[in-house]
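In what follows, every heavy atom counts, from backbone to side chain, and hydrogens, waters and symmetry copies are set aside.
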Amino acid sequence: MCRWLAYSGTPILLDNILYKPAHSLIDQSLHSKMGVETTNGDGFGVGWYAPAKDSPAVVRDIGPAWSDRNLQEIAGHVVSSLFFAHIRASTGTAVQQTNCHPFRHGRWMWMHNGAIAEFHRLRRDLALAVDPALFSHVEGSTDSEMMFYLALTLGLEEDPPGAVARMAGLVERTGREHGVEFPLQMTVAVTDGVRLWAFRYSSQKETRSLFYSSRVDTLRSLHPDVAFLREIAEGTRLIVSEPLGNLPGAWNAVPESTYGVVQPEGDEMHTFAPA
């Protein structure tokens with residue numbers, strides 16, 4: 001499996017989130033506490049939005065995040081108000097750049113932790129369900145990228161929660177047609193550069209960990225001495241596979257079969273079910 005984080009809020013240097021926390025994503029690449037594997041060294045990726053750009057920048061590579069000097073260089077110089085970061089532990093597909101997250105199409109970014117069970121058996125049927133106009137954009141061989149292009153096919157740009165629900169339903173129906181009892185395991189983050197959606201769901205109802213940060217005003221009242229909290233806006237949020245540190249009151253588990261959206265008009269959380 002993998003570990004990931006999504007940040008939305010006050011423009012910030014990527015280094016402040018990727019490297020500086022006690023249990024940063026870089027630390028998790030070697031010492032994950034809640035993942036299936038302790039080590040997540042099968043590649044990494046970061047994607048971020050910059051002012052006046054129609055699509056996000058994405059940098060991905062196959063080496064481990066903990067030793068990549070280019071990632072450290074980028075993190076020390078890029079400032080963004082919305083970015084994704086992902087460290088990969090392959091579930092069976094090749095370790096190659098096109099299989100690293102996040103995935104991008106137009107203004108959209110997508111990343112995933114989990115798996116489609118028996119994907120090698122389901123892959124052909126799922127691929128045939130992708131819109132032919134989109135299929136040529138599929139670059140890699142992962143279930144994660146297939147899920148992204150299925151969601152795009154099923155209306156992601158118009159209705160993200162509905163499209164992800166329809167994608168999950170298609171994966172489950174296809175899996176069960178092939179005799180797979182629990183076809184889907186996923187925590188997913190997707191964004192259009194303005195809003196950020198995060199989903200936690202699995203067919204078995206035992207989904208991998210996912211957390212969101214508490215409201216900034218709550219954290220300031222709990223920890224008035226933490227300088228970082230005085231520097232960020234009220235709407236700043238982090239969504240992570242596992243907490244970046246042990247600051248009391250900072251992290252909340254996303255409930256099973258739930259999705260949330262971080263957006264300018266206010267955060268929301270709803271139940272999630274395949275359609």
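Without hydrogens or angle criteria, Ser213 side chain to Leu238 main chain gives a donor-acceptor distance under 3.5 Å. Proximity of a side-chain donor or acceptor of Ser209 to a complementary backbone N or O of Ser241 within less than 3.5 Å is detected. With hydrogens and angles disregarded, a donor-acceptor distance shorter than 3.5 Å links the side chain of Arg200 to the backbone of Thr207. At distances below 3.5 Å, at least one donor-acceptor pair connects side-chain atoms of Thr153 with backbone N or O atoms of Asp131. A donor-acceptor contact shorter than 3.5 Å links the side chain of Thr10 to the backbone of Ala233. Formation of a donor-acceptor pair under 3.5 Å by the Arg121 side chain with backbone atoms of Gly175 is not found in this model. Checking side-chain atoms of Ser221 against main-chain N and O of Thr218 turns up a donor-acceptor pair under 3.5 Å. At distances below 3.5 Å, not a single donor-acceptor pair connects side-chain atoms of Ser29 with backbone N or O atoms of Asn40.
Aromatic ring pairs are classed by plane angle as parallel below 30°, tilted from 30° to 60° and perpendicular above 60°; the pair His137 and Tyr149 is parallel. The aromatic rings of Trp110 and Phe148 sit parallel, their planes meeting at an angle under 30°, below the 60° perpendicular limit. Aromatic ring pairs are classed by plane angle as parallel below 30°, tilted from 30° to 60° and perpendicular above 60°; the pair Trp108 and Trp197 is parallel. Using cut-offs of 30° and 60° on the angle between ring planes, the pair Tyr7 and Phe83 is parallel.
Distance NE2/His112 to CZ/Arg88: 11.5 Å, rounded to 0.5 Å. Phe44 contributes atom CZ, which lies 14.0 Å from atom SG of Cys2 (distance to the nearest 0.5 angstrom).
Ion pairing of Glu177 with Arg173 is absent here, as no side-chain N (NZ or NE/NH1/NH2) approaches a carboxylate O to less than 4.0 Å. The pair Arg104-Glu139 does not meet the salt-bridge criterion, since no charged nitrogen lies less than 4.0 angstrom from a carboxylate oxygen.
For the salt bridge (Lys or Arg N to Asp or Glu O under 4.0 Å) with Glu242, the lone residue among Lys33, Arg3, Arg208 that qualifies is Arg3. Among Thr258, Val190, Thr187, the one residue that satisfies the side chain to side chain contact (heavy atoms under 4.5 Å, CB included) test with Phe199 is Val190.
Residues Ser141 and Thr93 come closest through the heavy atom pair O-CG2, 3.2 Å. When all heavy atoms of Arg166 and Gly155 are compared, the closest pair comes out as NH2-CA, 4.4 Å.
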Exercise. Between Thr98 and Gln96, does a side chain to side chain donor-acceptor pair (under 3.5 Å) hold up when you go through it step by step?
Worked result: CA-CA 6 Å; Thr98 53; Gln96 61 191 46; 2.9 Å; yes
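For His101 and Phe103, the gap between ring centers is short of 6.0 Å.
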